[in-house]
Undergrad: 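Before we start, here is the structure in question, set down as structure tokens.
Quick note on labels: first sequence line is chain A, next is B, and so on, each numbered from 1.
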Number of protein chains: 2
Amino acid sequence: MSGPGEFELIREYFASRIQAGEPGSGAARSVELGIGDDCALLNPPAGKMLATSVDTLVADVHFPADADPYKIASRALRVNLSDLAAMNATPLWFTLALTLPENSAEWLEPFARGLADTARQHGITLVGGDTTKGPLSITIQVTGTCERPLRRDGAGAGDHIFVSGPLGAATAALPIVTGKEPVSNEQRQQADAAYYFPEPQFEIAHLIGDYASAALDISDGLLGDLGHICEASDLGAELTTEQVPVAALVETMLRKQGEEDMPTRALETALTGGDDYQLCFTVPEQHLQAVFDTGAAHGLPITAIGRMTAEKGIRLLRSGSPWQPEHTGYRHF
Amino acid sequence: MSGPGEFELIREYFASRIQAGEPGSGAARSVELGIGDDCALLNPPAGKMLATSVDTLVADVHFPADADPYKIASRALRVNLSDLAAMNATPLWFTLALTLPENSAEWLEPFARGLADTARQHGITLVGGDTTKGPLSITIQVTGTCERPLRRDGAGAGDHIFVSGPLGAATAALPIVTGKEPVSNEQRQQADAAYYFPEPQFEIAHLIGDYASAALDISDGLLGDLGHICEASDLGAELTTEQVPVAALVETMLRKQGEEDMPTRALETALTGGDDYQLCFTVPEQHLQAVFDTGAAHGLPITAIGRMTAEKGIRLLRSGSPWQPEHTGYRHF
């Protein structure tokens, strides 16, 4: 029941455009046969483990349907690359399953360009795909090599909890990227950067790979994702909320909306807002100094925000007292 | 913007149910870490090439939205396994990206059961997934090992063209599976088997792997898919239409509809109807006898239907004269 022309569609728009970052790079050399046959044929690097992850982005759930296709492609691939980064893997190959309402060159051209630019930046090669007619939706599967995996289940009681950078920007960007809030050009650029161009944290994952006991990327919000580390490691956590770094865009947007209790709303957004794709990772006491030293040597914006605890659940301290967020960041925007 | 609970959804319905066919099988042993982290961690078998393919099935495009979820799962995984079979690969791992309108146990339970049963039958292990809210759509990526790949671009002029079995059954099954045509229980079972339980042709691919010069699975119809071999191999083809095997269900359904020129309509359906997932493969003259011997020894329903030609395009002969189908099989049903 699939329509004719999908084969040509994939080939025309993607196969010829998307290659690995450098001709002759590891990713490109490992591809024996790319798009156009029943399967791609791949030679995995000898003796290395593979890491793989798949994510679907649905129009009007994970991005505005009428957004610039170049930006949609960037976000779709970066969100997936972030899973490789969070595992401390190195990108090799990806596949694209694209469902779209119509075969429109006007849409496909910038989408393919966005995908090609993002792939080139991260040295990942498109090796297969499928195009189907239906409601707009993008499924990408990324695969990479992984020598020192950062899993969720390795944290120990007493380990220090870090985040790789400020949080909440993508949530604060929502009313801007959905066009609900008129803003300055500068603010629009900040919002686009946060929402459509999140940076997969490969560098930080690589630098802390020898020291961290667990890691993941923050896609659903810090509290929810830290909860996954807690659950997988059979532990709890205690956070010092004053240490949680809040993205500048959060305060800009709350100020614009005339929010009265700004420090509280900003904190709530940083704690519960998703889509930032910063890393949350844990570091045993004996490696704490090495992580701080590495951070200083490379100018990494990493911050220690609490400790893992034998007691289950996540406890938040604000001005030294137990505290709970009233609202999620998503609700402010 | 993704909803909470998707992580639990995947885990609850899939992670615990779907394993490789045999505990300790190659597929299961190669999985270092399965569902539940940022990535799956996989150990590819040493020194072997990997084959990988992705396909999306959209509700009411690739299957009736209200079909039995058990059957939908079977069809979705089998269609993907067929790509591995067509490459002469051996199944290892798959991922599932499932978009569904609501979190309904009534739907997910039989779907997961259908996926688990199909995975067990073919010794393939679910290693990752994503669940999102949206219009019903299923993307599966399969990966296997491949030692003797059957590509599309290896055919030579004069090679004999084979199909692995009768064609047209899935197209003839359409009015039955969509409920448009009332039929007997036996006919319904035949239609279900053809449409929801197509058999990936691993056995035949394996047996002809040393002899065939090119192969693919027939998903879009024989003429269209043979066209892909022609294009990739820079050749044409000539078919003796009397040799093309027509599935029994095609004649049953045409008779039921009171079709007057039954032989012609049946042939058109076999030539242009998709979704059968039989193989089309080419065999050089020097291996022809070996293929016939192998077929006879294993009772394979393979049939030689024509030759590859230096002249481009596909020419059909009927009673020795050039002939063209008037209609596609899809239009009869």
Side-chain angles (χ1 to χ4, degrees), chain A residues 1-2 4 7 32-33 36-44 46-47 49-59 61-63 82-84 86-87 89 93 95-97 99 127-130 132-135 137 139 141 144 146 149 151-153 174 215-217 219-220 224 228 232 274-275, chain B residues 1-2 4 7 32-33 36-44 46-47 49-59 61-63 83-84 86-87 89 93 95-99 127-130 132-135 137 139 141 144 146 149 151-153 174 215-217 219-220 224 228 232 274-275:
Chain A
M1 288 160 106
S2 62
F7 182 84
E32 179 91 12
L33 181 67
D37 212 307
D38 295 303
C39 294
L41 292 173
L42 308 167
N43 286 304
M49 202 151 56
L50 295 178
T52 194
S53 178
V54 61
D55 261 312
T56 298
L57 285 81
V58 178
V61 178
H62 301 93
F63 59 87
S82 177
D83 281 317
L84 286 183
M87 210 74 187
W93 316 307
T95 59
L96 166 71
T99 302
V127 297
D130 187 28
T132 48
K133 190 177 164 70
S137 154
T139 298
Q141 180 159 344
C146 190
R151 300 164 55 145
R152 299 177 174 193
D153 58 5
L174 266 183
L216 47 58
D217 64 336
S219 52
D220 296 335
H228 293 320
D275 288 326
Chain B
M1 286 162 112
S2 62
F7 181 84
E32 178 91 12
L33 180 68
D37 212 308
D38 294 303
C39 293
L41 292 173
L42 307 167
N43 286 305
M49 202 151 55
L50 295 178
T52 194
S53 178
V54 61
D55 261 312
T56 298
L57 285 82
V58 178
V61 178
H62 301 93
F63 59 87
D83 281 317
L84 286 183
M87 210 76 189
W93 317 307
T95 58
L96 166 71
L98 178 62
T99 301
V127 297
D130 187 27
T132 47
K133 190 177 165 67
S137 156
T139 298
Q141 180 160 344
C146 191
R151 299 164 56 144
R152 300 177 173 191
D153 58 4
L174 267 183
L216 48 57
D217 63 336
S219 52
D220 295 334
H228 293 319
D275 287 326

Undergrad: Return the minimal non-hydrogen interatomic distance between Q141(B) and T95(A), and the atom names on each side.
TA: OE1-OG1, 2.6 Å

Undergrad: Checking S53(B) side chain against D38(A) main chain: does a donor-acceptor pair fall under 3.5 Å?
TA: yes

Undergrad: With a 4.5 angstrom heavy-atom cut-off, could you sort out which part of A89(B) is near chain A: side chain, backbone, both or neither?
TA: neither

Undergrad: Looking at A40(A), P44(A), A46(A), which one has more heavy-atom pairs under 4.5 Å with chain B than the rest?
TA: A40(A)

Undergrad: Among N43(A), V127(A), L50(A), which residue satisfies the side chain to side chain contact (heavy atoms under 4.5 Å, CB included) criterion with L50(B)?
TA: L50(A)

Undergrad: Search all heavy atoms of R151(A) against all heavy atoms of L33(B) and return the closest pair with its distance.
TA: NH2-CD1, 3.2 Å

Undergrad: Taking all non-hydrogen atoms of both residues, which atom of G128(A) and which atom of V54(B) are closest, and how far apart?
TA: C-CG1, 4.4 Å

Undergrad: Is the side chain of D130(B) donor-acceptor paired with the backbone N or O of T56(A) at a distance under 3.5 Å, no angle test?
TA: yes

Undergrad: Do you know which of T52(B), T139(B), L84(B) has the most heavy-atom pairs with chain A at a distance under 4.5 angstrom?
TA: T52(B)

Undergrad: Of the backbone (N, CA, C, O) and the side chain (C-beta and beyond), which part of T99(A) lies under 4.5 Å from a heavy atom of chain B, both, or neither?
TA: side chain

Undergrad: Do T132(A) and V61(B) touch side chain to side chain, with heavy atoms closer than 4.5 Å?
TA: no

Undergrad: Heavy atoms, side chains only, cut-off 4.5 Å: are L41(A) and M87(B) in contact?
TA: yes

Undergrad: In terms of heavy-atom proximity below 4.5 Å to chain A, should A51(B) be classed as side chain, backbone, both, or neither?
TA: both

Undergrad: Donor-acceptor pair, distance only, cut-off 3.5 Å: does the side chain of D83(B) make one with the backbone of C39(A)?
TA: no

Undergrad: Between G134(A), G47(A), A86(A), which shows the greatest number of heavy-atom pairs under 4.5 Å with chain B?
TA: A86(A)

